[in-house]
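So the structure is just underneath, and the comments pick up after that.
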There are 2 protein chains.
Amino acid sequence: MNVEQIIKTEKKIPLERRTIIHFMLVNNKINESISKALKPFDVSLQQFNVLRILRGQNEKPANLSTLNERMVTKMSNTTRLVDKLILKGFVDRIICPSNRRKVEISITTEGRNILKKIDSAMIKAEKSILENISKKELEQLNTLLNKF
Amino acid sequence: MNVEQIIKTEKKIPLERRTIIHFMLVNNKINESISKALKPFDVSLQQFNVLRILRGQNEKPANLSTLNERMVTKMSNTTRLVDKLILKGFVDRIICPSNRRKVEISITTEGRNILKKIDSAMIKAEKSILENISKKELEQLNTLLNKF
DNA sequence: CTTATACATTTGTATATACAATTGTTGTAA
DNA sequence: TTACAACAATTGTATATACAAATGTATAAG
């Protein structure tokens, strides 16, 4: 991936700016790959993220603020994100009996089933995204990302 | 930046997946920084990108498809993005005389002025994003990003 | 017990973006 | 020259997201 070539400029970009642009370009590519993998299941990246969080709770439901805390990309409207998942039948939402201000969101069997199907597509997407990166390079990348 | 801590999970995430999540987290942070830097100027990241492309043309106007080609994050509606910039008085748009299907978009003096102001805010944001990264690490990062 | 404050979520509204269909223009083959 | 395909941008529409205000509930102070 050559930055100058992709954004079609002949100018020399300072290393700092170039790195940030580079970063965004790679991120776009990653997002495209993953969105494409999710498309057949009619589930967005954010929706998938919520489903995965709920599965990770093993049976224990989560409330909205917990979901928000754990999402990779925080959203300013998790209510409506959950609305969509309810419409699709992948999650349930009930008012928390011990604190009626809160809400308890849990994944349904149907939600677990779709997640299971998505899992293999996701692993495939991840592999294809990282196909040119060795394990050593992955570790190196993680070390660098830690510095941000 | 510790991935597990940020998304608040105790589970071990496989290195591939962890790297991708890590990547997204850093990207979110970068976007936040830059958006915050742009906020006082009431210009979005994409709008800023278009302005910078137009400035890079030195005087030569660009048409829509050229803009789209050169944008870091491609959009499926550059027309309306340009509409916003016209409303703000930062760009002009005329129908291309030699080919009336095309359009010629150019940056106005006002656009150049705001860009000049944004420039220093942007350099500051870039510096703060990369404050913990040495030059050597930057180069290392670029090498790794090239592999995607 | 009443009132005020903090909390958790939802709703309203504006804006942004994606995608497909449409419009208007140009090039080209008969 | 006409008819048709290709091109470039715009428009319509649905969906996504951001942000602030509103709703309903719990907690705490007097």
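Convention: sequence-line order gives letters A, B, ...; per-chain numbering from 1.
Near DNA chain D, meaning a heavy atom under 4.0 Å from it, residues 63-73 of chain B has Asn63(B), Leu64(B), Ser65(B) in order of number. For DNA chain C, the neighbouring residues in residues 79-92 of chain A, judged by any heavy atom under 4.0 Å, are Thr79(A), Arg80(A). Residues of residues 20-43 of chain A that place a heavy atom closer than 4.0 Å to DNA chain C, in numerical order, are Lys39(A).
In this structure, Leu45(B) atom CG and dT15(C) atom P are separated by 19 Å, rounded to whole Å. One atom, CD of Gln46(A), and another, P of dA18(C), lie 13 Å apart when rounded to the nearest Å. Rounded to whole Å, atom C1' of dA6(C) lies 13 Å from atom NZ of Lys102(A).
A salt bridge does not link Glu4(A) with Arg70(B): none of the charged nitrogens is closer than 4.0 Å to a carboxylate oxygen. Between Glu137(A) and Lys147(B), at least one side-chain nitrogen of the basic residue sits less than 4.0 Å from a carboxylate oxygen of the acidic one, meeting the salt-bridge criterion. The pair Arg52(A)-Asp119(A) does not meet the salt-bridge criterion, since no charged nitrogen lies less than 4.0 angstrom from a carboxylate oxygen.
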Check: protein-nucleotides 3-5 of chain C nitrogen or oxygen pairs below 3.5 Å:
none

Sort me out a list of protein N/O and nucleotides 20-25 of chain D N/O pairs below 3.5 Å, or just none if empty.
| unit_1 | atom_1 | unit_2 | atom_2 | d |
| --- | --- | --- | --- | --- |
| dT25(D) | OP1 | Arg100(A) | NH2 | 3.1 |

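Comparing the start and finish of the helix from dC1(C)-dG30(D) to dA30(C)-dT1(D), five pairs each, the helix axis swings through 10°, to the nearest 10 degrees.
Taking side-chain N and O atoms only, Arg93(B) has no distance below 4.0 Å to OP1 or OP2 of dA8(D).
Looking at which nucleotide of DNA chain D each of Cys96(A) and Gln47(A) is closest to, the 5′-most match is held by Gln47(A).
Side-chain contact between His22(B) and Asn146(A) is present, with heavy atoms from C-beta onward closer than 4.5 Å.
Under 3.5 Å, the side chains of Thr108(B) and Asp92(B) contain no donor-acceptor pair of N or O atoms.
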